[in-house]
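Worksheet: one structure, shown below.
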Amino acid sequence: MAYSDKVIDHYENPRNVGTLDKEDPNVGTGLVGAPACGDVMRLQLKISDDGIIQDAKFKTFGCGSAIASSSLVTEWVKGKSVDDATRITNKDIALELALPPVKIHCSVLAEDAIKAAVEDFKRKRAARAVQVVAAAVAASPVP
Amino acid sequence: MLKLPIYMDNHATTPLDPRVLEAMMPYLREDFGNAASRNHVFGWKAEAAVEQARAQVAALIGASEKEIVFTSGATESDNLALKGVMEFYRDKGDHLITLKTEHKAVLDTAKRLERMRQDRVEELRLLRLSELAADDVTADNADALALKFNLDEDPVLARWMARVHTGARVSYLDVQTNGLVDLEALRAAMTDRTVLVSIMLANNEVGVVQPMEAIGRLCREKGVLFHTDAVQGVGKVPFDVNRMNVDLASVTGHKIYGPKGVGALYIRRKPRVRIAPSIDGGGHERGMRSGTLNVAAIVGFGKAAELARQEMPTESQRLLGLRERLRAKLTAELDMVTVNGTLEHRLPGNLNVSFSCVEGEALMMAIKDVAVSSGSACTSASLEPSYVLRALGVEEDMAHSSIRFGIGRFNTEEEVDFVARLVIDKVKKLREMSPLYEMARDGVDLKSVQWAAH
């Protein structure tokens with residue numbers, strides 16, 4: 001299959017491959033896809049307390065366009081607010097990389113990965129807030 | 001000096017051997033005659049060339065030249081064998097047995113035969129129903145009427161059904177996980193209505209070579225005809241239609257360093273096997289395949305067959321050496337590499353391996369100077385991973401991770417070494433990028449993870 005130059009560039013020089021500490025409360029991890037379907041994406045976002053994405057890393061099992069889609073997404077989300085990042089759609093990704101129709105699902109997966117990572121981050125934050133409240137309640141003297 | 005790109009996809013097609021091209025040239029130039037022209041020297045020359053090629057092809061498979069029918073290629077040969085036999089022997093039976101790992105040229109032909117039979121059965125049901133109802137039957141009321149008149153128990157319809165002679169019933173047998181046919185399952189599938197068994201000599205994806213002699217013996221014992229798609233195996237592993245009791249065999253030029261667009265169907269004469277022709281016309285090829293013969297291509301096919309026969313003993317040893325060299329290098333430097341299909345009964349030039357946690361198409365992109373193929377869904381239009389690997393029980397993720405190396409006559413040791421190095425480096429690089437490899441290394445059982453299928 002003939003890929004666009006952008007896909008080939010991201011595939012050959014993938015940006016931001018790697019792993020962030022998933023125990024870090026400021027890191028959200030999204031793992032989407034399935035090995036049986038031939039693609040699995042893991043996107044990790046390091047998000048500041050005021051909701052800005054400071055760092056992004058990915059690892060992807062999949063074809064060239066799946067790898068390119070994840071690489072592109074890490075570039076795009078860095079510096080964005082969480083809200084802006086979740087507004088990135090598969091159409092934006094497919095358009096930018098000029099994906100052929102049979103590869104559209106790769107861009108869908110990349111969009112899902114952003115959402116999953118942000119959700120994970122929000123879940124962690126909510127859990128932490130509950131813990132903080134619980135700790136505060138526990139620490140406060142019984143009136 | 002190594003020249004790029006390297007072609008290592010010799011199951012898909014093979015390059016034309018220069019000696020073959022040389023043999024063909026006169027028939028593309030001055031000796032252009034029609035082999036059916038009986039009254040002048042142009043025709044005689046063409047006919048003589050075709051007959052020489054017929055003898056060369058026959059010799060490769062241990063047949064006599066009168067048993068060779070030239071076709072446009074193996075797909076036509078497979079179609080002609082299956083449709084031709086099922087039609088000719090329709091008074092004898094209607095059952096065909098084949099394997100789930102066969103080439104599509106066999107499987108899709110079998111499916112058409114099944115559909116033809118079902119269409120005929122459906123037609124008869126509607127006819128009988130409209131007779132019973134004394135009215136027109138439509139798609140809307142057919143089911144209700146069938147219930148009302150208890151059509152499934154109708155003795156008249158049962159008599160009609162017994163006389164349906166169109167198409168075939170087909171059994172698609174599973175293979176064992178090593179890719180080989182289960183001979184007991186084959187025996188068990190045979191009924192007194194079985195006319196034909198179609199089992200390939202060697203598989204095009206995993207290179208597994210089926211036990212031809214045992215299959216042939218069983219078919220002969222049961223009085224069932226035996227067709228084999230021998231395309232991938234001839235000229236690479238020993239194949240003899242008499243020793244193996246093969247009744248029909250499909251072969252093609254372009255897998256043995258001959259030209260594309262030419263093939264043959266071997267049809268046994270003693271005891272005589274008959275087929276109904278598919279292409280009607282001028283009665284060429286003793287009426288079994290009309291159409292002006294493609295003389296130059298047939299000459300090339302003949303020359304290719306002769307070279308394959310002469311060189312097979314030494315060449316298959318050389319190919320096996322290269323294949324094992326490649327396999328040894330890959331497995332020495334990479335973990336989690338699985339060979340798909342048995343190594344014991346296999347084409348010497350075939351290596352089909354899955355590199356866990358790396359997707360096949362991505363790997364092919366990474367080694368773009370090397371032409372191989374993959375069972376990954378991403379390389380197929382259907383987005384389904386290889387049905388052959390699935391039939392061997394290979395998990396879907398491993399099917400996505402498979403690469404088929406097809407080593408051929410023009411590959412060198414230097415090329416094999418280059419390919420091995422490149423593949424090792426790229427697999428390592430892609431695994432560094434693979435979340436699955438990281439998880440596997442951290443001891444996560446990938447099967448225990450709840451994946452969201454999409």
Side-chain angles (χ1 to χ4, degrees), chain A residues 1-4 7-20 22 29-44 57-71 74 90 99-113 115-117, chain B residues 336 354-369 373-386 389-390 394-402 426-442 444-454:
Chain A
M1 184 170 310
Y3 279 125
S4 68
V7 170
I8 290 168
D9 178 42
H10 275 281
Y11 173 76
E12 287 180 349
N13 313 292
R15 282 54 139 182
N16 306 306
V17 174
T19 306
L20 296 174
K22 66 176 192 289
T29 301
L31 183 66
V32 295
C37 304
D39 31 32
V40 174
M41 263 180 215
R42 189 190 67 192
L43 178 67
Q44 295 188 298
K57 295 277 184 202
F58 84 92
K59 281 199 176 187
T60 289
F61 160 79
C63 62
S65 50
I67 290 171
S69 298
S70 0
S71 168
T74 59
N90 80 295
L99 293 182
V102 294
K103 298 291 182 183
I104 296 300
H105 70 278
C106 297
S107 61
V108 174
L109 211 56
E111 180 191 325
D112 290 349
K115 297 206 161 81
Chain B
M336 300 201 281
S354 291
F355 301 99
S356 282
C357 309
V358 173
E359 201 277 327
E361 196 221 57
L363 182 55
M364 279 170 60
M365 238 174 120
I367 57 167
K368 61 178 188 298
D369 287 332
S373 68
S374 170
S376 160
C378 295
T379 61
S380 74
S382 65
L383 292 183
E384 288 295 323
S386 153
L389 294 177
R390 299 292 292 135
V394 174
E395 296 283 341
E396 275 184 323
D397 57 328
M398 291 298 269
H400 283 291
S401 300
S402 72
K426 297 300 181 183
V427 167
K428 284 182 176 167
K429 181 181 168 224
L430 287 167
R431 281 179 172 175
E432 280 308 305
M433 263 195 237
S434 169
L436 302 180
Y437 192 64
E438 186 184 309
M439 290 163 86
R441 251 189 338 194
D442 292 347
V444 176
D445 176 11
L446 295 175
K447 288 197 176 32
S448 70
V449 177
Q450 287 278 328
W451 300 102
H454 54 285

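Residue numbers start from 1 in every chain, and the chains themselves are labelled A, B, ... in the order their sequence lines are given, proteins ahead of strands. The figures that follow rest on heavy atoms only: side chains count, while hydrogens, waters and symmetry mates do not.
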Report task. Give the C-alpha distance, both sets of side-chain angles, the deciding distance and a yes or no for side chain to side chain contact (heavy atoms under 4.5 Å, CB included) between A:L31 and B:M439. Result -> CA-CA 12 Å; A:L31 183 66; B:M439 290 163 86; 4.0 Å; yes
Report task. Mind checking side chain to side chain donor-acceptor pair (under 3.5 Å) for B:K429 and listing every partner two or more places apart, or none if nothing turns up? Result -> none
Report task. List for me each residue that meets side chain to side chain donor-acceptor pair (under 3.5 Å) alongside A:S4, sequence neighbours excluded, and say none if there are none. Result -> none
**Report entry** Contact leader toward chain A among B:E395, B:E438, B:E396, where contacts are heavy-atom pairs under 4.5 Å
**Finding:** B:E438
Query raised in the report: Is there a donor-acceptor pair closer than 3.5 Å between any side-chain N or O of A:Y11 and the backbone N or O of B:A362?
Result: yes
Contact summary for [X] and [Y], nearest pair of heavy atoms:
{"X": "A:G33", "Y": "B:W451", "answer": "O-CE3, 3.4 Å"}
{"X": "B:H400", "Y": "A:P35", "answer": "CD2-O, 3.7 Å"}
{"X": "A:P14", "Y": "B:M433", "answer": "CG-CE, 3.3 Å"}
{"X": "B:E432", "Y": "A:V17", "answer": "O-CG1, 4.1 Å"}
{"X": "A:F61", "Y": "B:P435", "answer": "N-CD, 3.3 Å"}

Query raised in the report: Taking atom NZ of A:K57 as the centre, does the number of heavy atoms from other residues, nucleotides or ligands within less than 6.0 Å exceed 12?
Result: yes
Requested in this report: Let me know if B:A366 has heavy atoms under 4.5 Å from chain A in its side chain, its backbone, both or neither.
Outcome: both
Query - Between A:G18, A:A36, A:S70, A:A66, the one whose heavy-atom pairs under 4.5 Å with chain B are most numerous - result: A:A36
Report task. Between chain B and each of A:D112, A:I67, A:T60, count heavy-atom pairs under 4.5 Å; write down the option with the most. Result -> A:T60
Report task. Please round to the nearest 0.5 Å and tell me the distance separating atom CG of A:D39 and atom CG of B:D397. Result -> 12.0 Å
